[in-house]
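For the numbers below, each heavy atom of this structure counts, side chains included, while hydrogens, waters and symmetry mates do not. Positions are given from 1, in the same order as the sequence printed here. Start at 1 and go down the list; that is how both ligands and their atoms are numbered.
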Amino acid sequence: MNQNAALREMIESSKNIVFFTGAGISTESGIPDFRSPGGIWSKMAPIQFQDFLSSEEMQRESWRRKFETDKTMKIAKPNAGHYAIQRLIETGKASNVITQNIDNLHQVSGVPHDRVIELHGNATYASCLSCNTRYELEVIKQSFIVKGELPVCKFCGGLVKTATISFGQAMPIEPMQKAEEAALSCDLFFAIGSSLVVHPAAQIPLLAARNGAQLVIINREKTPLDEFAHIVINTEIGHLLSEVTSY
Ligand code: NAD
């Protein structure tokens with residue numbers, strides 16, 4: 001049996017699938033990942049959370065980058081990979097998608113919000129670091145670009161930042177708990193388009209595998225978790241997922 005046929009059979013016989021996605025699922029939508037050649041890190045180093053907190057210049061740099069990268073993110077649409085996952089969640093075959101992505105594309109593809117577990121937040125809005133009040137980016141952009149103003153919370157005076165988790169920032173407790181529960185409840189776990197080197201997120205697939213779920217890794221290149229997987233497929237995501245999930 002070839003790999004695709006084996007994958008189809010695993011999907012058909014599974015009672016509960018959980019997906020885990022990284023930046024690689026969105027490159028086919030035009031959003032660069034971090035680590036591939038030409039990816040975001042080949043152009044600029046990430047801003048650490050502590051630097052954002054302590055330096056006004058880093059806050060300005062962070063907003064400049066945000067409004068620059070937003071040009072790409074705003075026009076990105078879900079691709080075949082996102083829609084394949086959406087279909088399996090809609091039919092009840094899969095329960096959740098745990099994502100490291102911040103691009104909102106799983107939700108745009110039609111996955112209900114409560115089925116998407118965002119480990120690194122969401123870049124389509126901002127929030128106050130002290131009281132969590134939500135702010136829309138368009139309003140921040142106008143004040144920042146036109147008047148050079150940094151956003152400050154109008155309720156508590158706290159710093160406002162995109163609602164994403166930066167390097168050095170604590171992981172959000174509730175999504176991590178939900179991700180662990182999902183990983184422990186499934187019998188088939190897909191890790192898709194992630195280099196699986198960003199921790200603690202990368203421990204989630206391992207948790208599922210150690211709990212007895214079959215682990216499938218789909219990624220262009222090798223990952224540190226390949227040795228724990230039942231199947232590793234090094235290929236482009238969209239085409240493969242469409243093929244193995246269409247009936
Ligand atoms: P990563 O950049 O470390 O790894 C992406 C992996 O996907 C790479 O191994 C690459 O070879 C593979 N890949 C890229 N395109 C692919 C394709 N079409 N088919 C198959 N494989 C493909 O990303 P990561 O593991 O998600 O971790 C980095 C962090 O980057 C995450 O925490 C995430 O928050 C952030 N990030 C998110 C986005 C987004 O939201 N779209 C984009 C860039 C970075």
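With a 6.0 Å cutoff to the six-membered ring centre and a 45° limit on the axis angle, R60 does not count as a cation-pi contact of F144.
Look at R64 and E61 and you find a salt bridge, because one of the NZ, NE, NH1 or NH2 atoms lies within 4.0 Å of a carboxylate O, short of that distance.
Considering E236, E221, H239 only, the shortest heavy-atom separation from atom 11 (O) of ligand 1 involves E221. Among A201, S26, A202, S194, the residue whose heavy atom lies nearest to atom 25 (O) of ligand 1 is S194.
When heavy-atom distances to ligand 1 are checked against a 4.0 Å cut-off, T27 comes that close only through its side chain, counted from C-beta outward.
Residue-ligand proximity, G193 to ligand 1, at heavy-atom distances under 4.0 Å covers atoms 5 (C), 6 (C), 7 (O). Close contacts of ligand 1 with V198, meaning ligand atoms under 4.0 Å from a residue heavy atom, involve 27 (O), 28 (C). Heavy-atom contacts of I31 reach the following atoms of ligand 1: 41 (N) (cutoff under 4.0 Å). Interface of F34 with ligand 1, defined as ligand atoms under 4.0 Å from a residue heavy atom, comprises 2 (O), 28 (C), 29 (C), 30 (O), 35 (C), 43 (C), 44 (C). Residue P32 has at least one heavy-atom neighbour below 4.0 Å for each of these atoms of ligand 1: 42 (C), 43 (C). For ligand 1, the atoms closer than 4.0 angstrom to any heavy atom of G22 are 26 (O).
By the 4.0 Å heavy-atom criterion, T235 is counted among the residues contacting ligand 1.
The salt bridge (charged side-chain N to carboxylate O under 4.0 Å, His left out) search around K71 returns E68, not counting sequence neighbours.
Using a 4.5 Å heavy-atom threshold, the side chains of F19 and L88 count as touching.
Proximity of a side-chain donor or acceptor of N2 to a complementary backbone N or O of N4 within less than 3.5 Å is detected.
If you check the side chains of Q203 and H199, you find a donor sitting under 3.5 Å from an acceptor.
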Please report, to 0.1 Å, the donor-acceptor pairs under 3.5 Å made by any side chain of residues 146-167, with sequence neighbours excluded.
{"from": "K161", "atom 1": "NZ", "to": "T164", "atom 2": "O", "distance (Å)": "2.6"}
{"from": "K161", "atom 1": "NZ", "to": "S166", "atom 2": "OG", "distance (Å)": "3.1"}
{"from": "K161", "atom 1": "NZ", "to": "Q169", "atom 2": "OE1", "distance (Å)": "3.1"}
{"from": "T162", "atom 1": "OG1", "to": "T164", "atom 2": "OG1", "distance (Å)": "2.9"}

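At least one N/O-N/O distance between I102 and ligand 1 falls below 3.5 Å.
Following chains of ILVMFWY side-chain contacts shorter than 4.5 Å, one can reach V116 starting from L241, so the two form part of one hydrophobic cluster.
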